[in-house]
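Bear in mind the structure is a predicted one, so any value in this text is a computation, not a measurement.
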Amino acid sequence: MPAVLERRAGIPQLVLLLAGSCLSVLGAVLIAPVLPQMTGHFADVPGADVLVPIVLTVPP
């Protein structure tokens, strides 16, 4: 019978998982400061105060 290799996750896998879990929060934090400016830019569009945040945060 062939020997079964046992692999364990290490520090690089932990760092990758932690970095990946922070990406969604990082995206929201980077967009938040410009939301008022973008809403002001589209002020003549009805419902811009609701539509701008929705369009920017909807996943592709």
Side-chain angles (χ1 to χ4, degrees):
M1 230 176 188
V4 177
L5 295 175
E6 184 177 322
R7 294 184 179 183
R8 295 185 182 187
I11 297 297
Q13 288 80 17
L14 175 64
V15 171
L16 183 64
L17 285 173
L18 289 175
S21 67
C22 294
L23 289 178
S24 61
V25 174
L26 181 62
V29 168
L30 291 174
I31 289 174
V34 273
L35 283 177
Q37 294 170 348
M38 292 184 75
T39 304
H41 181 76
F42 293 104
D44 57 341
V45 176
D49 55 339
V50 175
L51 292 175
V52 169
I54 289 174
V55 168
L56 291 176
T57 56
V58 170

Can you give the donor-acceptor pairs under 3.5 Å from side chains of residues 4-11 to other protein atoms, not counting sequence neighbours?
unit_1: E6; atom_1: OE2; unit_2: R8; atom_2: NE; d: 3.1
unit_1: E6; atom_1: OE2; unit_2: R8; atom_2: NH2; d: 3.1

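By the side chain to side chain contact (heavy atoms under 4.5 Å, CB included) test, L14 pairs with L18, sequence neighbours left out. Shown here are the side chain to side chain contact (heavy atoms under 4.5 Å, CB included) partners of I31, two or more places apart in sequence or in another chain: L35, L56.
Both V45 and V52 belong to a common hydrophobic cluster when Ile, Leu, Val, Met, Phe, Trp and Tyr are linked at side-chain heavy-atom distances under 4.5 angstrom.
A48 approaches P53 most closely through the heavy-atom pair O-CD, 4.1 Å.
Summarising the geometry, atom CZ belonging to F42 is positioned 10.5 Å from atom CG belonging to L51; distances are rounded to the nearest 0.5 Å.
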